[in-house]
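Following: one structure in structure tokens, then a few remarks.
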Amino acid sequence: MRPLFIGSEIYRNSTYGSKHPLAIPRVSTVIDLCRAQGWLPPEAYRVSPRAKPNALRLFHTPDYIAALQKAEKTQSVSDETRKKYGLGTLSNPVFAEMFRRPATAAGGSLLAAELLREGGIVYNPAGGTHHGLPDRANGFCYLNDPVLAILTFLNAGLERIVYVDIDAHHCDGVEAAFCGSSKVRMISVHEARRWPFTGALEDTAGGAAFNLPVARGLNDSEFYAILDQVILPATATFRPQAIILQCGADAVAEDPLSRLSLSNNAHWRAVAHLRDMAPRFLVLGGGGYNPWSVARLWTGVWAVLNGFEIPQELNADAQSVLGALTWNRAAGKQPPGHWFKTLRDNPNTGEIRPDLLADMRRLASRIS
């Protein structure tokens, strides 16, 4: 079956605020790039529904959902609400679409899980909000769409689901939801000593998780070793009926909120290898705070899912999409030319550090 792309126009003009890392356009740029390249015909696109409160209660508490809706309606929160629910903070600010936008992303992942009931591939780049907690906003995440998708799969009768997370930040909300589960295997590669400071190598979440914190400067060669020796074997041995890949773009070298050094080739290789390992494959977005690197990486994900050849140089319309982006950071003042002309980064290969090899061996010893 042809892969399906889930998107919405709500992301085009919605922002967390001009000073927030998520002030940048992301999903809308991916949609525009895919269309400019001729990769997103109408039959491959689905408009994301907005999840209703009843659907969100599959994971989130009724009082938290009500508080989130009220905060959007009044555009304010009390001190009590801020303290109890994590709303109205620097990380999780009050903004115009603070319920509707995450509810649309969650609706996309819920729809994806339903579309995948009989199998296939679905891409929801607005998803991947892996920090959200049942009763609290956390780490830019007001809701937790990966958890909602996994619960939908479980409710449909699936018994073996693998969740792979290659975002620079640990998937604390997903791990908390499925700690001790025998039906969900979680595999996370994330930067060590980086917020939320969870996901230690020794943390197995009751046997359900394989956590690999990595040192700053992680390169492509190291990631490929992790993919071959940890991610793929841990996935294969679980014999998954569905795989969810959280494909956060903040692990690439140009991202301002991590110190990892991957090229986007690393993410694309993970997508290519995981794509055919289960009858159901859901790919989500996640972190990513450089508008050019996010747009190029996530557009390339769609190309890989479809088997499209990634060109050495984008066509004129696609280059115009990238040329229209702006970024109010030092790196955005004089961006390098390849950010406008091509999707593919130059590979960043290097040595595989001994400490990483030792950690991989420890994880590999648990795989069965």
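Quantities reported herein were computed from a predicted structural model and do not represent experimental measurements.
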In terms of side-chain heavy atoms, does Asn348 have a donor or acceptor partner in Asp220 at a distance below 3.5 Å?
no

Any donor-acceptor pair under 3.5 Å linking the side-chain atoms of Arg344 with those of Asn265?
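There is such a pair (donor and acceptor under 3.5 Å, judged by atom type) between the side chains of Asn265 and Arg344.
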
Going by the side chain to side chain donor-acceptor pair (under 3.5 Å) test, which pairs reach into residues 93-103, not counting sequence neighbours?
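Of all non-adjacent pairs touching residues 93-103, those that pass side chain to side chain donor-acceptor pair (under 3.5 Å) are Ser14-Glu97, Ser14-Arg101, Glu72-Arg100.
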
Could you give all pairs that pass the side chain to side chain donor-acceptor pair (under 3.5 Å) test and reach residues 38-54, with sequence neighbours left out?
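Sorted pair list: Asn54-Arg57.
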
Test of understanding: with side chain to side chain donor-acceptor pair (under 3.5 Å), list the residues that count as partners of [X], not counting sequence neighbours.
X      : answer
Tyr142 : none
Thr237 : Arg185
Ser109 : Asn124, Asp145
Ser18  : none

Mind checking side-chain contact (heavy atoms from CB on, under 4.5 Å) for Asn138 and listing every partner two or more places apart, or none if nothing turns up?
His131, Leu133, Asp172, Trp195

Not counting sequence neighbours, which residues clear side-chain contact (heavy atoms from CB on, under 4.5 Å) with Ala225? List them please.
Gln229, Ile352, Met360

Donor-acceptor pair, distance only, cut-off 3.5 Å: does the side chain of Asp255 make one with the backbone of Leu257?
yes

In sequence, state the C-alpha distance, the side-chain angles, and the governing distance for Thr74 and Ser76, and then conclude on side chain to side chain donor-acceptor pair (under 3.5 Å).
CA-CA 5 Å; Thr74 63; Ser76 63; 3.3 Å; yes

For [X], give me all partners under ring pair (Phe, Tyr, Trp, His ring centres under 6.0 Å), at least two apart in sequence or on another chain.
X      : answer
Phe210 : none
His20  : Tyr16, Phe140
Phe340 : Trp292

Arg362/Glu202 salt bridge by N-O under 4.0 Å criterion:
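Judged by the 4.0 Å cut-off on N to carboxylate O distance, Glu202 and Arg362 do form a salt bridge.
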
What residues form a salt bridge (Lys or Arg N to Asp or Glu O under 4.0 Å) with Arg329, not counting sequence neighbours?
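Checked Arg329 against salt bridge (Lys or Arg N to Asp or Glu O under 4.0 Å); zero matches.
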
Calculate, to the nearest 0.5 Å, the distance between atoms [atom1] and [atom2] belonging to [X] and [Y] respectively.
X      : Y      : atom1 : atom2 : value
Leu212 : Ile226 : CG    : CD1   : 5.0 Å
Arg136 : Thr61  : CZ    : OG1   : 11.5 Å
Trp298 : Ile31  : CH2   : CD1   : 11.5 Å

